[in-house]
**Student:** 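Before we start, here is the structure in question, set down as structure tokens.
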Number of protein chains: 2
Amino acid sequence: MSSSLSTEEKIKAAAKQVFISKGFSGCTSRELAKASGMNVALVNYYFRSKNKLFQLIFQTVMEEFFESMVSVFSSDLSLKEKLKFLIEREYAFLAKHPEIPRFIINELSRKDTDLIELTHVLPVIYNTGVIEQAIEAQKKGEMRRVDMVGITLLVISNCQYPFLAKPLIKNLHNLSDEQYQQHLELHKGMVSEMIISYLFPPVPKPNKK
Amino acid sequence: MSSSLSTEEKIKAAAKQVFISKGFSGCTSRELAKASGMNVALVNYYFRSKNKLFQLIFQTVMEEFFESMVSVFSSDLSLKEKLKFLIEREYAFLAKHPEIPRFIINELSRKDTDLIELTHVLPVIYNTGVIEQAIEAQKKGEMRRVDMVGITLLVISNCQYPFLAKPLIKNLHNLSDEQYQQHLELHKGMVSEMIISYLFPPVPKPNKK
DNA sequence: TATTGTTTTAAACAATTGTTTAAATTAAGT
DNA sequence: ACTTAATTTAAACAATTGTTTAAAACAATA
């Protein structure tokens with residue numbers, strides 16, 4: 001099935017899996033090679049070095065990571081609906097790629113790695129007009145005055161952490177995979193309701209001039 | 001100053017730092033030795049192997065990690081006050097040890113490591129009586145019916161994630177350390193208010209028989 | 001078929017890995 | 001002071017690391 005891919009693609013796909021689940025320092029060149037059914041020399045023939053291959057993978061993972069987020073902001077919805085939708089999307093993405101937050105956080109925390117620039121991501125979000133939408137809502141007193149960093153933190157904390165901490169919580173509360181899955185589903189609803197009702201308080205304080 | 005410690009203690013202290021910031025697979029035996037001012041043979045003389053030393057460190061880190069949490073539950077406070085206090089404590093702990101969540105989550109996620117038992121932690125929390133306190137409050141309709149896993153997730157998601165994701169958020173929003181520090185302080189207040197008002201809705205629904 | 005250039009392989013490279021050895025030094029007890 | 005045990009050191013061990021080499025196999029074109 002994967003033999004329809006080129007050697008280069010096969011290596012890239014396998015390396016992505018291995019890097020994501022074990023991290024840069026958690027795997028070897030030979031492991032990357034074997035995972036794609038190739039040998040070490042072949043990996044370096046196409047990608048020059050383990051590090052070059054890693055940088056490439058990391059870049060693509062980051063793009064996938066922000067992709068769905070941005071697409072929600074660009075949609076034609078009210079702010080409250082966007083938030084609800086964003087949380088749904090995040091949970092869906094994380095259900096498919098539960099290891100990615102740990103991967104990103106880890107590799108960005110490495111002090112010995114080449115700096116990775118993410119500054120181009122924020123302008124993309126700004127250009128969707130979601131910021132103006134928020135400022136508008138805040139002026140009207142419909143939305144609590146929380147800045148972009150605060151909102152980002154609120155949303156992704158509650159979405160990503162439950163996936164990040166799965167081994168911790170499972171171990172702590174002695175849960176099976178199925179049980180944890182159920183808790184996740186339950187938690188999604190709670191998180192959505194909690195964040196929405198916090199950012200959009202049910203009784204809006206009148207804010208007229 | 002650290003020369004007052006025994007060789008064994010010096011190695012343990014240095015190894016703790018190195019393991020926490022770089023992870024098990026992110027550092028070498030010689031790095032552990034050098035960090036304590038000793039040599040490789042000395043590390044293995046006292047701790048047999050890199051892996052044995054790691055298991056020891058991990059165990060103590062986990063204990064420190066749960067220590068302050070449990071102490072809050074044992075205190076003589078109302079549930080709402082305990083929650084507020086817990087969040088304060090968590091933020092204070094994480095400000096001192098910002099790398100510990102990443103360390104724990106990472107090492108618990110490793111598939112090639114020896115399983116680590118945490119089941120003894122939960123009984124300790126149960127014995128503080130906080131569970132009965134919660135069930136009581138829920139029966140009276142003062143508290144939303146969320147189980148222990150849900151509460152745990154709510155609290156530590158919002159406490160730990162902002163520290164976990166510091167490199168990500170800093171990079172994303174182009175923030176200095178000082179700016180991020182300010183955001184953290186702000187966020188602590190938000191999180192506290194949000195969780196409390198979610199778990200203890202301002203207008204309690206009457207639940208009499 | 002002969003001649004390209006591209007892809008793949010097996011083997012080797014020096015450097016680094018975790019761990020061990022055996023000798024040297026220090027400390028303690030008699 | 002002598003003996004014994006505990007500590008520390010430098011050096012070595014085999015295995016593994018990332019990377020490179022040079023030859024082989026393959027494909028495309030003439």
Side-chain angles (χ1 to χ4, degrees), chain A residues 1-59 61 103 106-107 110-116, chain B residues 1-59 61 103 106-107 110-116:
Chain A
M1 46 187 247
S2 65
S3 45
S4 65
L5 297 168
S6 71
T7 300
E8 192 175 347
E9 292 297 327
K10 272 193 251 182
I11 295 174
K12 221 195 283 188
K16 190 173 160 188
Q17 280 307 110
V18 175
F19 275 140
I20 286 177
S21 78
K22 315 242 257 173
F24 179 79
S25 66
C27 69
T28 69
S29 299
R30 280 161 184 81
E31 190 178 353
L32 294 168
K34 192 163 280 180
S36 58
M38 307 295 152
N39 60 49
V40 236
L42 223 29
V43 173
N44 277 16
Y45 171 72
Y46 283 105
F47 303 97
R48 304 287 307 264
S49 72
K50 182 192 176 189
N51 194 51
K52 285 256 170 57
L53 174 55
F54 174 81
Q55 298 295 337
L56 190 76
I57 300 288
F58 189 80
Q59 188 70 32
V61 169
F103 173 66
N106 265 325
E107 302 300 341
R110 267 172 52 209
K111 288 168 181 64
D112 53 344
T113 192
D114 308 342
L115 267 235
I116 290 140
Chain B
M1 46 185 251
S2 64
S3 45
S4 66
L5 297 168
S6 71
T7 300
E8 191 174 347
E9 293 298 328
K10 272 194 251 182
I11 295 174
K12 221 195 283 188
K16 189 174 162 188
Q17 280 308 110
V18 175
F19 274 140
I20 286 177
S21 79
K22 316 241 261 174
F24 178 80
S25 66
C27 69
T28 69
S29 299
R30 281 160 183 82
E31 191 178 350
L32 294 168
K34 192 163 280 181
S36 58
M38 307 295 152
N39 59 49
V40 236
L42 224 29
V43 173
N44 277 15
Y45 172 72
Y46 282 105
F47 302 97
R48 304 288 307 265
S49 72
K50 182 192 176 189
N51 194 51
K52 286 256 171 54
L53 175 54
F54 174 81
Q55 298 295 338
L56 190 76
I57 300 288
F58 189 81
Q59 188 69 31
V61 169
F103 173 66
N106 265 326
E107 303 300 342
R110 267 172 50 208
K111 287 165 184 66
D112 52 345
T113 191
D114 308 343
L115 267 236
I116 291 142

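Chain letters run A, B, ... following the sequence lines, proteins first and then strands; every chain starts at 1.
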**Student:** Determine whether Lys34(A) and Glu31(A) make a side-chain contact, defined as any pair of heavy atoms from C-beta on separated by less than 4.5 Å.
**Tutor:** no
**Student:** What integer distance in Å separates Leu32(B):CG from dG18(C):P?
**Tutor:**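 After rounding, the reported distance stands at 8 Å.
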**Student:** If I compare all heavy atoms of Ile11(B) with all of Met38(B), which pair ends up nearest, and what's the gap?
**Tutor:**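 Looking at all heavy atoms of both residues, the shortest contact is CG1-CG, 3.9 Å.
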**Student:** Tell me which residues in residues 13-25 of chain A lie within less than 4.0 Å of DNA chain D, going by non-hydrogen atoms.
**Tutor:**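 Close to the strand, none.
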**Student:** For Phe47(B) and dT8(D), what is the distance between atoms CZ and P respectively, to the nearest whole Å?
**Tutor:**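 It works out to 12 Å between those atoms.
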**Student:** From CG of Asn51(B) over to P of dT20(C), roughly how many Å is that when rounded to an integer?
**Tutor:**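 Going from CG in Asn51(B) over to P in dT20(C) covers 13 Å.
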**Student:** Taking only residues two or more places apart in sequence, or in another chain, which ones meet Phe24(A) in a ring pair (Phe, Tyr, Trp, His ring centres under 6.0 Å)?
**Tutor:** Phe54(A)
**Student:** Atom NZ in Lys111(A), atom OG in Ser21(B): separation rounded to 0.5 Å?
**Tutor:**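 One finds 5.5 Å between NZ of Lys111(A) and OG of Ser21(B).
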**Student:** Could you tell me which non-hydrogen atom of Val18(A) sits nearest to which non-hydrogen atom of Ala35(A), and how far apart they are?
**Tutor:** CG2-CB, 3.7 Å
**Student:** May I have the distance from Lys50(A) (atom NZ) to dT16(D) (atom P), rounded to whole angstrom?
**Tutor:** 16 Å
**Student:** Could you give the distance from CZ (Phe58(B)) to CG (Leu53(B)), rounded to the nearest 0.5 Å?
**Tutor:** 13.5 Å
**Student:** Would you say Gln55(B) and Phe47(B) make side-chain contact, with heavy atoms under 4.5 Å?
**Tutor:** no
**Student:** When you look at Leu32(A) and Cys27(A), which way does the side-chain contact (heavy atoms from CB on, under 4.5 Å) test go after all the steps?
**Tutor:** CA-CA 7 Å; Leu32(A) 294 168; Cys27(A) 69; 4.0 Å; yes
**Student:** For the pair made of NZ in Lys10(A) and C1' in dT7(C), what is the distance, rounded to whole Å?
**Tutor:** 13 Å
**Student:** For DNA chain D, which residues in residues 33-45 of chain B have a heavy atom at a distance below 4.0 Å?
**Tutor:**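 Going residue by residue through residues 33-45 of chain B, the ones with a heavy atom under 4.0 Å of DNA chain D turn out to be Asn39(B), Ala41(B), Leu42(B), Tyr45(B).
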**Student:** Of all the heavy-atom pairs spanning Gly23(A) and Glu107(A), show the shortest one and how long it is.
**Tutor:** CA-OE2, 3.3 Å
**Student:** Out of dT8(D), dT8(C), dG18(C), which nucleotide sits closest to the side chain of Tyr46(A)?
**Tutor:** dT8(C)
**Student:** Is there a side-chain contact between Thr7(B) and the phosphate of dT8(D), meaning an N or O under 4.0 Å from OP1 or OP2?
**Tutor:** yes
**Student:** Tell me: CD of Glu8(A) to P of dT7(C), nearest whole Å?
**Tutor:** 9 Å
**Student:** Rounded off to whole Å, could you give me the CZ-to-P distance for the Arg30(A) and dT17(C) pair?
**Tutor:** 15 Å
